[in-house]
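Note that this is a predicted model, so its numbers are computed, not measured. Positions are given from 1 along the sequence.
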Amino acid sequence: MKKFILKGALISALIFATAFTGCASSEKEGTKVSQEPETKKEVSNEPPSSDKMKTEKIARNDDGISIFPPKTYLEKYWDLIPGKLDHTNYYSTVCEKNRSIAVLLPPNYSAEKQYPVLYVLHGYWGNEMSMVGTQTLITNMIHMGDAKEMIVVYPFIYSSKTKAQCTGFGEPEDWAAYDNCVNEIVEDVMPWLKEKYSVLEGRENTAICGFSMGGREALAIGVARPDLFGYVAAMAPAPGVIPNSMHPGQFKESELKFAPEVTPKVLMICVGTNDGVVSFYPSTYHATFEKNGVEHLWWMVPGSDHGDPAVSSGIFNFCERIFR
């Protein structure tokens, strides 16, 4: 098979956060304390039920995007069958060694049935476990009928023969190792997955998304191999897909487009308004796709920095639309 090694891109002095950050809330400083006598609250011994998911209304903008996914979809419930997470390994011919990978099987997975596949790519410094926090949201969406049953693959995208992990921002071999993940996914992960699990093949059954550096690589893979991936999304994608003042780019701006027969069925980009890590770079991808006449969805998540809720916003809206 012809190798599609993408051209290396310089990495600026930005720290690309890697772990999926769960939703959290904190009290603001200076909150006024009530002087009313404290009343005893009823404490329920019942475990949380998924019934409340059914009553939450999903707010959307004019493009049909749910900027903030329903909070109830981010919780675990006792009455829902969870997906099964396999943390396993395979042999990589690209890296010439065994490699770790996490695979989420849908609830009630059966080898008698075939499933479409979603690849979720982590950020800089991450590994195959960095994005598995998305499994709760995806599993809940499957239970609610908002997402198709699917197999979710979390690969380790630092694809190097000689190094176990990146060691900094200034090493060309580190940049090349991330860009090399397209070869490992296509040549090793996809055949291994087909042999081990019951998967549907074809671009109409294969999606890819990623966060930060993983978002950059998801966009690059989508452009390099649109024949294999029919759905592409990037949450807070890092710079380097196209040239800028600090990066030579993996593609020319004019190359960020698709032939009609392999145009993505879904192409999405989102980023938090307070993201000081990737800054304005995601908007340059949006502007380039617009300039090249490529249909896509673009939105910004108010108040989000480099992590959640921008990540969960991207995952929710992408999983709603793929494999339809």
Side-chain angles (χ1 to χ4, degrees), residues 19-28 31 34 36 38-87 102-110 112-118 120 129 131-154 198 207 209 211 231 233 235 266 268 270 272 297 299 301-304 307-324:
F20 175 85
T21 306
C23 287
S25 61
S26 59
E27 293 183 354
K28 296 180 180 179
T31 302
S34 172
E36 294 296 322
E38 187 175 337
T39 57
K40 188 174 181 180
K41 296 180 180 178
E42 291 282 337
V43 178
S44 173
N45 292 321
E46 290 293 322
S49 167
S50 62
D51 286 343
K52 60 181 179 178
M53 255 200 310
K54 302 172 185 176
T55 62
E56 185 169 5
K57 186 177 179 180
I58 302 176
R60 302 184 185 278
N61 66 11
D62 292 341
D63 292 324
I65 296 294
S66 176
I67 301 295
F68 296 102
K71 291 181 180 179
T72 53
Y73 281 59
L74 301 170
E75 302 177 28
K76 292 183 178 180
Y77 303 103
W78 68 270
D79 57 342
L80 292 182
I81 300 171
K84 181 190 176 192
L85 187 69
D86 282 350
H87 191 193
V103 178
L104 177 66
L105 302 178
N108 299 311
Y109 170 83
S110 170
E112 303 301 314
K113 183 177 179 180
Q114 291 180 304
Y115 303 85
V117 179
L118 166 63
V120 181
M129 297 301 290
M131 295 294 288
V132 297
T134 59
Q135 65 177 305
T136 297
L137 174 57
I138 296 172
T139 300
N140 283 346
M141 292 182 70
I142 291 173
H143 275 295
M144 292 298 293
D146 294 310
K148 293 285 189 179
E149 289 183 312
M150 68 182 84
I151 293 173
V152 184
V153 181
Y154 302 96
S198 185
C209 70
F211 165 60
Y231 313 84
M235 293 82 75
V266 176
M268 314 176 78
C270 70
L297 286 169
W299 72 98
V301 182
S304 180
D308 224 35
V311 172
S312 58
S313 179
I315 290 291
F316 181 83
N317 287 283
F318 192 51
C319 287
E320 266 196 324
R321 291 163 172 77
I322 58 178
F323 313 134
R324 300 292 183 177

What is the distance from atom [atom1] of [X] to atom [atom2] of [Y], rounded to the nearest 0.5 Å?
{"X": "F316", "Y": "C270", "atom1": "CZ", "atom2": "SG", "value": "13.0 Å"}
{"X": "M131", "Y": "L104", "atom1": "CE", "atom2": "CG", "value": "13.0 Å"}
{"X": "E320", "Y": "R60", "atom1": "CD", "atom2": "CZ", "value": "4.0 Å"}
{"X": "L80", "Y": "I142", "atom1": "CG", "atom2": "CD1", "value": "11.5 Å"}
{"X": "I151", "Y": "K84", "atom1": "CD1", "atom2": "NZ", "value": "11.5 Å"}
{"X": "E56", "Y": "M144", "atom1": "CD", "atom2": "CE", "value": "9.5 Å"}

Side chain to side chain donor-acceptor pair (under 3.5 Å) contacts in which one or both residues fall within residues 135-148, not counting sequence neighbours: Y73-D146
Salt bridge (Lys or Arg N to Asp or Glu O under 4.0 Å) partners for K76, two or more places apart: none
Residues in salt bridge (Lys or Arg N to Asp or Glu O under 4.0 Å) contact with K54, at least two apart in sequence or another chain: D51
side-chain hydrogen bond (donor to acceptor under 3.5 Å, both in side chains) partners of E75, counting only residues at least two apart: K52
Counterpart residues, side-chain hydrogen bond (donor to acceptor under 3.5 Å, both in side chains), relative to S313 (two or more places apart):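 Listed in chain order: W299.
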Using modelled atom types and a 3.5 Å cut-off, is there a donor and acceptor pairing between side-chain atoms of [X] and backbone atoms of [Y]?
{"X": "Y115", "Y": "L105", "value": "no"}
{"X": "D79", "Y": "S50", "value": "yes"}
{"X": "Y109", "Y": "S198", "value": "yes"}

Taking all heavy atoms of [X] and all of [Y], pick out the closest pair and write down the distance.
{"X": "G314", "Y": "M235", "result": "CA-CG, 3.8 Å"}
{"X": "M129", "Y": "V132", "result": "O-CG2, 3.1 Å"}
{"X": "C319", "Y": "I138", "result": "SG-CG1, 4.0 Å"}
{"X": "E149", "Y": "P106", "result": "CB-CB, 4.5 Å"}
{"X": "S49", "Y": "Y77", "result": "O-CD2, 3.2 Å"}
{"X": "G272", "Y": "A310", "result": "N-CB, 3.9 Å"}

Donor-acceptor list for residues 62-71 side chains, cut-off 3.5 Å, not counting sequence neighbours:
from, atom 1, to, atom 2, distance (Å)
S66, OG, A59, O, 3.4
S66, OG, F68, O, 3.1

Student check: side-chain heavy atoms of L74 and S312 closer than 4.5 Å: yes
T134 and Y154 side chains, donor-acceptor separation under 3.5 Å: yes
